[in-house]
There are 2 protein chains.
Amino acid sequence: MALNNPTTQAAVTTADKVFEQMLHAIVDGTIKSGSKISEPELAKNYQISRSTLREALNRLEKCHLIERKANVGSRVVECSIAGLLEIYVVREALEGMACREAANNMTDEEINEMKAMLAQHASAKALQDGVSYYQEEGDLDFHYKVILGSHNQQLINILCGQLYHLVRMYRCQFGMNSPRATKAFDEHSRIIEAIADRDGELAEMLMRRHIAASRKNIEKKIAQQQ
Amino acid sequence: MALNNPTTQAAVTTADKVFEQMLHAIVDGTIKSGSKISEPELAKNYQISRSTLREALNRLEKCHLIERKANVGSRVVECSIAGLLEIYVVREALEGMACREAANNMTDEEINEMKAMLAQHASAKALQDGVSYYQEEGDLDFHYKVILGSHNQQLINILCGQLYHLVRMYRCQFGMNSPRATKAFDEHSRIIEAIADRDGELAEMLMRRHIAASRKNIEKKIAQQQ
DNA sequence: CCACCTAATATTGTCGACATTTTTTCTTAA
DNA sequence: TTAAGAAAAAATGTCGACAATATTAGGTGG
């Protein structure tokens, strides 16, 4: 994983380290979604001053993982179906565009790397021992590479720097490792083909359908639960 | 203006006020783009402590108006043609989707408000005394209302909370009040029609073309200057 | 004269204390 | 008993000082 994500690169400062710890804790639910954040309490837990903690909180706020109100305090963002669907709408728009731009701007080398990655996923899938790997890390890797391939810093920042963590949080907390592994793999293949053909229009359409399919899958799942 | 923008609502805290002052200063170029930010100097200028200033800087960073490096400091974001075009790509994707969602989710009342606003712009345009008004405030108002009409908090946050300020900065510093007033007005009309018809697909397509046209207009302008 | 290393300076990161605001608790009156 | 208001407690916002890091200035050797 890791790659170029600015939020996962070497943490040099204390606030960075605490930010990463809290990031994990929020993503995996150790710090419950919707809960209030007590600055004095957390500062004591992490054995740092409140100033440093607040610095970390600011980074979390940048990722939209916590929300602050003046003179009142911070809360971990609430996980809701509506919120999850909102994110999918944004992803459909942004990753679709990223895919179009990737088709235009990726280097041949980057495209070859993607093909190699897909081949690796294919063998892992065939072996049947990497299903969960493919579903989680593999899927994220794929989307990550496409986004970086857009070579558009704004797109990269918004998707990898902000939304990425929210997506992971929802995956963890709602426990939805989409059971679309095989289908998703085929869709990934076709997207890479379109990129390799430098067909931006098709690439965008396929990516949008790919993400929309995920969203509809979730909607169906939710409907069944009720 | 103002509306629901979280960054323009009543500033209660000192850091908020300083944030807004710096926001304006950066947008209009008083604080030059690309320049380094000296914390001790600015803290003295605004007569506040460094802690408070840093709080304001964090807000500016959330809007992508400044960039921070650990142990080195902050810089105002650099204005470049490439950067401007990147923003247009993101806007095309996000505002296009916002427009689709607006067609689905806007209340009839909101639609009527938009129609009223457009009529007002039309009369101002007819009188020929509000051309600049239409180009600046009016255009922003239109896009603002569409975005809010999506009823998607993520879209609203990203577009109105972050990109909005960057867009204004580029408009100010590059001095491009697009000379597309008449054309833009017609495009706005058609977009509202599509929204009123609840035709999300068409609404998205029209908004994307509208923004792409702006982008191409800028590209043409740049090409002429060289 | 230039490159490299070292010392001095300035800047950023972190800390603990105080000021202000909000929340809670307790009292009092209807 | 409940509601409203006042006092107490706790939380957030702001401040100035110290520590750690980066930048600059100066000196030495090639």
Side-chain angles (χ1 to χ4, degrees), chain A residues 6-26 31-78 161, chain B residues 6-26 31-78 161:
Chain A
T7 57
T8 53
Q9 72 191 10
V12 285
T13 191
T14 311
D16 282 320
K17 290 175 204 159
V18 173
F19 161 70
E20 289 198 6
Q21 290 182 49
M22 291 190 69
L23 177 64
H24 283 110
I26 290 175
I31 300 179
K32 292 197 188 77
S33 90
S35 67
K36 182 165 181 347
I37 286 178
S38 160
E39 293 183 5
E41 189 188 325
L42 277 178
K44 210 173 70 180
N45 280 1
Y46 289 106
Q47 309 213 346
I48 56 175
S49 77
R50 264 184 60 227
S51 316
T52 305
L53 179 78
R54 281 161 69 86
E55 188 66 40
L57 292 183
N58 270 316
R59 301 222 167 80
L60 291 170
E61 200 185 356
K62 271 169 216 158
C63 305
H64 296 206
L65 286 171
I66 70 172
E67 288 166 348
R68 277 174 86 184
K69 268 192 219 167
N71 288 316
V72 173
S74 314
R75 282 196 168 280
V76 180
V77 78
E78 194 89 48
Chain B
T7 58
T8 53
Q9 73 191 10
V12 286
T13 191
T14 312
D16 282 321
K17 290 176 205 159
V18 173
F19 161 70
E20 289 199 6
Q21 291 181 50
M22 291 191 68
L23 178 63
H24 283 110
I26 290 176
I31 300 179
K32 292 197 188 77
S33 89
S35 66
K36 184 168 180 344
I37 286 179
S38 161
E39 292 183 5
E41 188 188 325
L42 277 178
K44 211 173 69 181
N45 280 2
Y46 289 107
Q47 309 213 345
I48 55 175
S49 77
R50 263 184 60 226
S51 317
T52 306
L53 179 77
R54 281 162 69 89
E55 188 67 38
L57 292 183
N58 271 317
R59 306 233 164 89
L60 290 170
E61 200 185 356
K62 270 170 218 157
C63 304
H64 295 207
L65 286 172
I66 70 173
E67 288 165 347
R68 277 174 87 184
K69 267 191 221 168
N71 290 316
V72 174
S74 313
R75 281 194 169 282
V76 180
V77 78
E78 194 89 47

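Chain naming here is simple, since letters A, B, ... match the order of the sequence lines and numbering starts at 1 in each.
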* Asked: Are side-chain heavy atoms of B:Met22 and B:Leu53 found at a separation under 4.5 Å?
  -> yes
* Can you sort out which residues in residues 31-45 of chain B have a heavy atom within less than 4.0 Å of DNA chain D? Ascending by number, please. => none
* Only counting residues at least two apart or in another chain, list the ones meeting salt bridge (Lys or Arg N to Asp or Glu O under 4.0 Å) with B:Glu78. => none
* **For the student: nearest non-hydrogen atoms of A:Ala15 and A:Ala56, plus distance** => O-CB, 3.7 Å
* 5' precedence on DNA chain C between B:Lys69 and A:Asn71 (nearest-nucleotide basis) -> B:Lys69
* Return the set of residues passing side chain to side chain donor-acceptor pair (under 3.5 Å) with B:Glu39 (not counting sequence neighbours), or none when no residue passes. => B:Arg50, B:Arg54
N/O donor-acceptor pairs under 3.5 Å from side chains in residues 65-75 of chain A, not counting sequence neighbours:
residue, atom, partner, partner atom, Å
A:Arg68, NH1, A:Asn58, OD1, 3.0
A:Arg68, NH1, B:Glu55, OE2, 3.2
A:Arg75, NH1, A:Gly34, O, 2.7

* To do: Calculate the interatomic distance between B:Arg75 atom CZ and C:dT11 atom C1'; express it in whole Å.
  => 13 Å
* Calculate the interatomic distance between A:Lys17 atom NZ and C:dG13 atom P; express it in whole Å. => 14 Å
* Asked: Can you tell me how far the CG atom of B:Leu60 sits from the CD1 atom of B:Ile26, to the nearest 0.5 Å?
  -> 4.5 Å
Every protein N/O within reach of nucleotides 14-18 of chain C N/O, cut-off under 3.5 Å:
residue, atom, partner, partner atom, Å
C:dT14, OP1, A:Thr13, OG1, 2.5
C:dT14, OP1, A:Thr14, N, 2.6
C:dT14, OP1, A:Thr14, OG1, 2.9
C:dT14, OP1, A:Ala15, N, 3.4
C:dT14, OP2, A:Thr13, OG1, 3.2
C:dC15, OP2, A:Ser49, N, 3.0
C:dC15, OP2, A:Ser49, OG, 3.0
C:dC15, OP2, A:Thr52, OG1, 2.5
C:dC15, N4, A:Ser51, OG, 3.3
C:dG16, O6, A:Ser51, OG, 3.3

* **Listed once per pair and sorted, the side-chain hydrogen bond (donor to acceptor under 3.5 Å, both in side chains) pairs that draw on residues 40-49 of chain A, sequence neighbours left out** => A:Ser49-A:Thr52
* Asked: Just to confirm, is there a sub-4.0 Å distance from OP1 or OP2 of C:dG13 to any side-chain nitrogen or oxygen of B:Arg68?
  -> yes
* To do: Check the surroundings of atom NZ in B:Lys36: do more than 12 heavy atoms from other residues, nucleotides or ligands lie under 6.0 Å from it?
  => yes
